[in-house]
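When reading the values below, keep in mind they use all heavy atoms of this one structure, side chains included, and skip hydrogens, waters and symmetry mates.
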Amino acid sequence: MPAKPSIDVVIPVYNAPALTRHCIDSVVACLSDSIRHIYVQDDASDVETCMMLDQLPYEHVHVHHALKNQGFGVSVNEAVSRSDASFVLILNSDTMASEDFLPLLCAAMAADPQLAVIIPAGNDYARDNLDRYMREPGGYIRTHRLRGHAFLIRRHVFLEIGGFDSAFGRGYYEDIDLGRRLDLRGWHLGVHPGASIQHEGGGSFGRGKYYKELVKRNRSLYFSRYPNASLNVLLLSSNCPLAHFPPDLLDALDYVFREGGYAHWLTPEPARLLLCLQMRSYAIGLEAVVRLLLRGWREEKRISEVWMLPDAPRLLRTLIVSWARVRGLKVLSWEWASTVQDGVPRLLSK
């Protein structure tokens, strides 16, 4: 029987004492059977938060008070450097565990040696119908976007890649940047639909002016590094399932995902199977078409390319191609091959 993997928890903290205490209490109550130590990195919080942390009654909770505010990424990097565990569970201080999800996450890690990061699902994924996505070994769903509120990572991989980049300062987009660097080096990222954690969101910074300034600054930094992360492909078809996609179309989609972009698939009915969490499916209708064509007031949200399968509804095909040409967007289409496999015509790029 394989040895139980060693896991430490890292929780960076900046103020929000009530949320932070609930987070730590929930970790102790739900995860203690699976973890060794909890490293709380206090990022120069106020007196109330420091006093609360110093009065915690748990022996396996280790609190370190930083002398100055260094930001989320640097705080996590320092805390991880104190661990010698095989895996580190990194949690925002505004998360709350209600179950021990770590055995499921560790099983996914064991099933896929290339899986560097696994994220428990929960309210941050409530809008995604996770049943529609392909499952990988260990039961996880591929993602190419790291949401850093809660994730289990191989510690040696985190250290080898240099951890979070301190250029992102006090927070936001440093997690997406870390995921992009891992993805570009061939590591896999996943979300486990069988695991769950709650995330309050905005626990330290709220959603005021300072939050908006941080997000704006770090969004600009992220997209300056990864301009192709703004790829948003509109894929139009009739009822052609993924199983009939040709290899070159699948490769093209994989490129978009690996660059950090998204594919928005319009079909008469929502597709029953999707490749990863950066692939979305919409039923053809006036509202969906208008929403996609006018998608996003920020440039990185807008449709940037249009891809057409040969069975796409003719009228909608004409409308969207005309719109794309007016916008100066690239249009790529596929045509039916002359061969038939398993009773179904195959697709070729055109």
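- Counting heavy atoms from C-beta on, the side chains of H264 and R295 come closer than 4.5 Å.
- Checked for salt-bridge contact, R291 and E287 meet the test: a charged N lies under 4.0 Å from a carboxylate O.
- With hydrogens and angles ignored, the 3.5 Å screen pairs a side-chain donor or acceptor of D43 with a backbone N or O of Q70.
- Residues A116 and L182 come closest through the heavy atom pair CB-CD2, 4.5 Å.
- Residue E160 places its CD atom among more than 12 non-hydrogen atoms of other residues, nucleotides or ligands, all under 6.0 Å distant.
- Screening residues 301-325 for ring-ring contact (aromatic ring centres under 6.0 Å, His included), with sequence neighbours left out, gives W307-W334.
- Within the 4.5 Å cutoff, the side chain of V117 has no heavy atoms near those of the F158 side chain.
- Under the 4.5 Å side-chain criterion, counting only non-hydrogen atoms from C-beta, C240 is in contact with F245.
- Using a distance-only test at 3.5 Å, with no hydrogens or angles considered, a donor-acceptor pair links the side chain of D311 to the main chain of S238.
- In this structure the side chain of K212 never reaches within 4.5 angstrom of the side chain of L214, judged on heavy atoms.
- Although no hydrogens or angles enter the test, the distance criterion places no donor-acceptor pair under 3.5 Å between the side chain of S230 and the main chain of E300.
- Between atom OG of residue S75 and atom CD1 of residue I11 there is a gap of 13.0 Å, rounded to the nearest 0.5 Å.
- Under the 3.5 Å distance criterion, the side-chain polar atoms of S220 are matched with a main-chain donor or acceptor of K216.
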Next item on the list: Go through the steps to decide whether I119 and Y125 satisfy the test side chain to side chain contact (heavy atoms under 4.5 Å, CB included), and finish with yes or no.
Entry: CA-CA 10 Å; I119 307 165; Y125 295 91; 3.8 Å; yes
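- Contact annotation: the side chain of R135 approaches that of P193 to within less than 4.5 Å [non-hydrogen atoms, C-beta and beyond].
- Criterion: ILVMFWY side-chain heavy atoms under 4.5 Å apart, direct or through other members. Under it, L31 and V13 are part of a common hydrophobic cluster.
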Margin query: What verdict does the side chain to side chain contact (heavy atoms under 4.5 Å, CB included) test give for M134 and C276, after you've listed the backbone C-alpha separation in whole Å, the side-chain angles of each residue and the deciding distance to 0.1 Å?
Written below: CA-CA 7 Å; M134 292 179 59; C276 70; over 6 Å; no
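- In this structure, the ring of F72 has its center no less than 6.0 angstrom from the ring center of Y172.
- Between P241 and N239, the shortest heavy-atom distance links the atoms CD-O, 3.2 Å.
- Hydrophobic clustering, with ILVMFWY side chains joined whenever heavy atoms are under 4.5 angstrom apart, keeps L316 apart from L309.
- Linking ILVMFWY residues whenever their side-chain heavy atoms come closer than 4.5 Å, directly or via other members, leaves L253 and L236 in distinct clusters.
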Margin query: Pair F87, L89 - check side chain to side chain contact (heavy atoms under 4.5 Å, CB included), show working.
Written below: CA-CA 7 Å; F87 299 99; L89 176 66; over 6 Å; no
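- Between H199 and H149, the ring center distance clears the sub-6.0 Å criterion.
- A donor-acceptor distance shorter than 3.5 angstrom exists from the side chain of T95 to the backbone of N92, with no hydrogens or angles considered.
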Notebook entry, point to check: Given Y39 and H64, is the side chain to side chain contact (heavy atoms under 4.5 Å, CB included) satisfied, shown in steps?
Noted result: CA-CA 8 Å; Y39 293 98; H64 176 82; over 6 Å; no
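- Separation of atoms CZ (R325) and CD1 (I320) is listed at 13.0 Å; rounding is to 0.5 Å.
- Checking each of T49, T20, D46, N69 against Y14 for a side chain to side chain contact (heavy atoms under 4.5 Å, CB included) leaves exactly one that passes, namely N69.
- Looking at heavy atoms from C-beta onward, L275 lies in side-chain contact with L242 at the 4.5 angstrom threshold.
- Taking CD1 from I7 and CZ from R155, the interatomic distance works out to 13.0 Å, rounded to the nearest 0.5 Å.
- What you find for D100 and C30 is that their closest heavy atoms are CB-O, 3.1 Å.
- A salt bridge is defined here as a Lys NZ or Arg NE, NH1 or NH2 lying under 4.0 Å from an Asp or Glu carboxylate O, and D177 with R225 meets this definition.
- With 3.5 Å as the limit, one finds a donor-acceptor pair spanning the side chains of D42 and S45.
- In this pair, W187 and H156 present their aromatic rings perpendicular. The plane angle is above 60°, beyond the 30 to 60° band.
- Between the CD atom of E174 and the CD1 atom of I176 there is a distance of 8.5 Å, given to the nearest 0.5 Å.
- Looking at L146, I153, L178 one by one, the single match for side chain to side chain contact (heavy atoms under 4.5 Å, CB included) with L189 turns out to be L146.
- Residue R317 holds its CZ atom at 5.5 Å from OG of S333, rounded to the nearest 0.5 Å.
- A donor-acceptor distance shorter than 3.5 angstrom exists from the side chain of Q278 to the backbone of H144, with no hydrogens or angles considered.
- Remark: side-chain polar atoms of N228 are not paired, donor with acceptor, to backbone N or O of E259 under 3.5 angstrom.
- At distances below 3.5 Å, not a single donor-acceptor pair connects side-chain atoms of R145 with backbone N or O atoms of G260.
- Under the 4.5 Å side-chain heavy-atom criterion for grouping Ile, Leu, Val, Met, Phe, Trp and Tyr, I24 is not connected to M51 through any hydrophobic cluster.
- In terms of heavy-atom proximity, I161 sits nearest to R185 at CD1-CD, 3.8 Å.
- Annotation: side chain of L53 is not in contact with side chain of C50 (no heavy-atom distance under 4.5 Å).
- For I197 against A150, the heavy-atom pair with the smallest separation is CG2-CB, 3.9 Å.
- Each of V74 and V40 belongs to its own hydrophobic cluster when Ile, Leu, Val, Met, Phe, Trp and Tyr are linked at side-chain heavy-atom distances under 4.5 angstrom.
- Within the 4.5 Å cutoff, the side chain of L293 has no heavy atoms near those of the R327 side chain.
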Which pairs would a plain distance check flag for residues 101-112, meaning a side-chain donor or acceptor within less than 3.5 Å of a matching protein atom at least two apart in sequence or in another chain?
| residue | atom | partner | partner atom | Å |
| --- | --- | --- | --- | --- |
| D112 | OD1 | Q114 | N | 2.9 |
| D112 | OD2 | Y140 | OH | 2.5 |
| D112 | OD2 | H188 | ND1 | 2.9 |

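- Rounding to the nearest 0.5 Å places CG of L56 at 5.5 Å from CZ of R21.
- The two residues V76 and P12 have their closest heavy-atom pair at CG2-CG, 3.7 Å.
- Results of the side chain to side chain contact (heavy atoms under 4.5 Å, CB included) test with I35 over V27, V28, V88 single out V27 as the only residue that passes.
- Under the 6.0 Å distance and 45° angle rule, R181 does not count as a cation-pi partner of F164.
- Surrounding CZ of R36 are more than 12 heavy atoms belonging to other residues, nucleotides or ligands, all under 6.0 Å away.
- Panel note: side chain R132, backbone A271; a donor-acceptor pair is recorded below 3.5 Å.
- With hydrogens and angles disregarded, a donor-acceptor distance shorter than 3.5 Å links the side chain of S6 to the backbone of S86.
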